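Presented below is the structure to which this report refers.
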Amino acid sequence: MARHRNRRISALAVVCLAALATAGCLQDPNAGGSSGGAGGEVFADGGTADGDGTVEILGAFGGAEQEAFEKSLTKFEDESGITIEYTASTDFTTIVKSRVQGGDTPDIALFPQPGGLTELAADNHIQPIDTFLDYDGLDDTLIPGFFDSVRLNGRVYGAPMRMAVKSIVWVPKDEWEKRGYTLEPESIQELEKIADEIKADGIAPWCIGYESDQATGWVGTDWIEEYVLRVGGPEVYDDWVEHKIPFDDPQIKKAFDAYGEISQTQGNVFGGADGILNTPFAEAMNPALQDPPKCMMMRQGNFAISFFSPEVQQNLDDELSIMYFPPYDGGFGGTPVLGGGDLAALFNGNDEDAITVMEFLTSDQFGAEWAQAGGWLSPHTTFDVSNYPNDTTRRIAEIANSADIFRFDASDLMPKEVGSGTFWTGMVEWHRGKSTDQVTADIESSWPTS
């Protein structure tokens, strides 16, 4: 029965492809042509359907994450009759490019960053999703903005199967409640007033750590991204990422200076500039959990849960509270969320089984088992939140689901010379005393010209 169902899906896709020009079936409303000569309709990579009922997925996660992912596929495999072979690679970016160049593409790849996906899409190796998935149906259930990161020349080439949310502030629950601080500031300016209350109580408001060996500084880039998104709004953010405006544009410098009101104000951060640069990012929250606490707030993504001690993780709802990192008065008026995610892309557009797996992976039906194990968030507003293991994770999902706009981490979208190069090192130099003007000008001068 599974094989007949798969053939019906394939037949429907063919009918819809024929109707694209007239009825808009499965059509990307923003489609404006393809990135390659084939236009996505006639697809060269991936060969033909071999009929063996096996689909290979290449991804970057291993260990416990791989176990949770494979567990989330078990019921689907049993019901569909399709066998999924997952290949994990710690050097995913290199391996996926190497396999494409060697003509040995997987059926599906799970990209941890949009840049690698769109690079391969530009060379016509990846199938546009509007040719085989219900674009409108997906767009209706996804948090707004997810498709924007994988749109190329009007077509969308990937769909999210996992989400990370970064716009979260963590606080020690008992101490926060005991001192009567609010958990619902309406603006960053109001959050700064809470910070002043904390300082008046003799505690540093913020726990911030950038140290990450050769990647030291990446935490600071997240802070700047939060501010660009809130001060300038999503259009400025997108122009910045795409280098339609320079890195030293006044709007970007304004975001640096606004963040500096938190990170460079005397007494605001535990340990000051030295503490920021020398504290390992995974240990930034530790001083907040001491008795008495030495700092009270850490802005970090949902993945921070894995940084906490086993005891804190087991009692997460009792140990910690979270709040949404709020909008900026006088900036973008909405409620944006910064984050990331793993994006599924199809290489083999001729295999009905691969299409069926893509349909499942990118739906709100995928991930219940992974969610229950912890460490996974669905990008769909329609996902059953009762699958999440605690109230804290459900609250994070609520924050994301309520967002007006979602934007991927900018440094992951920028050229590597900047995103994982001068932007990281520039944040370090900025905290060592180099001016906003000089740091942003230095980063701008590093942007590749071709």
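What you see below is based on every heavy atom in this structure, not just the backbone, and it leaves out hydrogens, waters and symmetry mates. The shown structure was predicted, so the numbers you read here are calculated from the model rather than taken from an experiment.
Using cut-offs of 30° and 60° on the angle between ring planes, the pair Trp376 and Trp370 is parallel. Taking the six-membered ring where tryptophan is involved, the planes of Phe146 and Phe406 are essentially parallel, since the angle between them stays under 30° and well short of 60°. Ring pair Phe147/Tyr135 is parallel by interplanar angle, where below 30° counts as parallel and above 60° as perpendicular. Taking the six-membered ring where tryptophan is involved, the planes of Phe61 and Tyr86 are essentially parallel, since the angle between them stays under 30° and well short of 60°. The aromatic rings of Trp447 and Phe247 are tilted relative to each other, their planes meeting at an angle between 30° and 60°.
In this structure the side chain of Phe256 never reaches within 4.5 angstrom of the side chain of Tyr227, judged on heavy atoms. A heavy-atom distance below 4.5 Å is not found between the side chains of Thr87 and Ile57. The closest side-chain heavy-atom distance from Leu343 to Gln113 is not below 4.5 Å. Contact annotation: the side chain of Phe366 approaches that of Ser72 to within less than 4.5 Å [non-hydrogen atoms, C-beta and beyond]. Residues Trp430 and Gln264 form a side-chain contact, since some pair of their non-hydrogen atoms from C-beta on lies under 4.5 Å apart. Annotation: side chain of Thr216 is in contact with side chain of Val428 (closest heavy-atom distance under 4.5 Å). Contact check for Gln314 versus Phe308: no side-chain heavy atoms found under the 4.5 Å cut-off. Counting heavy atoms from C-beta on, the side chains of Ile443 and Asp248 never come closer than 4.5 Å.
The two residues Pro205 and Ala195 have their closest heavy-atom pair at CG-O, 3.2 Å. Minimum heavy-atom separation, Ala354 to Asn348: CB-O, 4.0 Å. Of all non-hydrogen atoms in Ile126 and Phe347, the two that sit nearest each other are CG1-CE2, 3.8 Å. In terms of heavy atoms, Thr182 sits closest to Met323 at O-CE, 4.4 Å. Residues Ile108 and Met358 share a closest heavy-atom pair of CD1-CG, 3.5 Å. In terms of heavy-atom proximity, Ser263 sits nearest to Ile276 at O-CD1, 3.9 Å.
No donor-acceptor pair closer than 3.5 Å links the side chain of Asp239 to the backbone N or O of Lys244. Judged purely by atom type and a 3.5 angstrom limit, Arg230 has no side-chain atom pairing as donor or acceptor with the backbone of Phe332. Using a distance-only test at 3.5 Å, with no hydrogens or angles considered, a donor-acceptor pair links the side chain of Trp424 to the main chain of Gly419. Remark: side-chain polar atoms of Trp170 are paired, donor with acceptor, to backbone N or O of Gln300 under 3.5 angstrom. A donor-acceptor pair is defined here as one N or O able to donate and one able to accept, closer than 3.5 Å; such a pair exists between the side chain of Ser363 and the backbone of Phe360.
A salt bridge does not link Lys71 with Glu67: every distance from a Lys NZ or Arg NE/NH1/NH2 to an Asp or Glu carboxylate oxygen is 4.0 Å or more. Ionic pairing of Glu119 and Lys97 is present here: one or more N-O contacts between side-chain nitrogen and carboxylate oxygen are shorter than 4.0 angstrom. Electrostatic pairing of Lys173 and Asp317 does not count as a salt bridge here, judged by no charged N lying under 4.0 Å from a carboxylate O. A salt bridge is absent between Glu190 and Lys193: the closest approach of a Lys/Arg side-chain nitrogen to an acidic carboxylate oxygen does not fall below 4.0 angstrom. Using a cut-off of 4.0 Å between Lys/Arg side-chain N and Asp/Glu carboxylate O, Glu65 and Arg162 are scored as salt-bridged. Using a 4.0 Å cut-off between charged side-chain N and carboxylate O, Asp148 and Arg407 make a salt bridge.
Atoms NE2 and CG, from His125 and Leu346 in turn, are 14.0 Å apart once rounded to the nearest 0.5 Å. Between Leu316 atom CG and Thr393 atom OG1 the span is 6.5 Å, to the nearest 0.5 Å. In this structure, the separation between CD on Glu175 and OG on Ser321 is 12.0 Å, given to the nearest 0.5 Å. In this structure, the separation between CE on Met414 and OG1 on Thr221 is 8.5 Å, given to the nearest 0.5 Å. Between the CZ atom in Arg299 and the OG atom in Ser167 there is a gap of 7.0 Å [rounded to 0.5 Å]. His380 NE2 to Leu142 CG: the interatomic distance, rounded to the nearest 0.5 Å, is 5.0 Å.
Side chains of Glu261 and Thr265: a donor-acceptor N/O pair is absent below 3.5 angstrom, by distance only. Ser411 and Asp409 share a side-chain donor-acceptor pair at under 3.5 Å. Defined by atom type and a distance below 3.5 Å, a donor-acceptor pair is present between the side-chain atoms of His243 and Glu444. There is no side-chain donor-acceptor pair under 3.5 Å between Thr141 and Asp364. Looking at Tyr157 and Asp130, their side chains never bring a donor and an acceptor atom within 3.5 Å of each other.
Counted within 6.0 Å of NZ on Lys254, heavy atoms from surrounding residues, nucleotides or ligands total 12 or fewer; the atom is thus considered open. Residue Glu186 places its CD atom among 12 or fewer non-hydrogen atoms of other residues, nucleotides or ligands, all under 6.0 Å distant. Under a cut-off of 6.0 angstrom, the local environment of CD in Glu242 is crowded, with over 12 non-hydrogen atoms contributed by other residues, nucleotides or ligands.
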**Item:** Stepwise side-chain hydrogen bond (donor to acceptor under 3.5 Å, both in side chains) check, Ser386 with Asp384
**Value:** CA-CA 5 Å; Ser386 68; Asp384 184 357; 2.7 Å; yes

**Request:** Determine, step by step, whether Gln372 and Asn387 satisfy the side-chain hydrogen bond (donor to acceptor under 3.5 Å, both in side chains) criterion, reporting the C-alpha distance in whole Å, the side-chain angles of both residues, the deciding distance to 0.1 Å, and the verdict.
**Result:** CA-CA 5 Å; Gln372 291 160 13; Asn387 288 308; 2.9 Å; yes

**Asp91 vs Thr94, side-chain hydrogen bond (donor to acceptor under 3.5 Å, both in side chains): CA-CA, chis, key distance, verdict** = CA-CA 6 Å; Asp91 190 14; Thr94 300; 3.1 Å; yes

**Request:** Take Lys434 and Gln438 through the side-chain hydrogen bond (donor to acceptor under 3.5 Å, both in side chains) test and state the conclusion after the steps.
**Result:** CA-CA 7 Å; Lys434 189 175 282 189; Gln438 187 61 60; over 6 Å; no

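Partner of Trp240 under the side-chain contact (heavy atoms from CB on, under 4.5 Å) criterion, chosen from Val228, Leu229, Asp249: Val228. Test Trp223, Tyr210, Phe307 against Phe281 for ring pair (Phe, Tyr, Trp, His ring centres under 6.0 Å) and you get one pass: Phe307.
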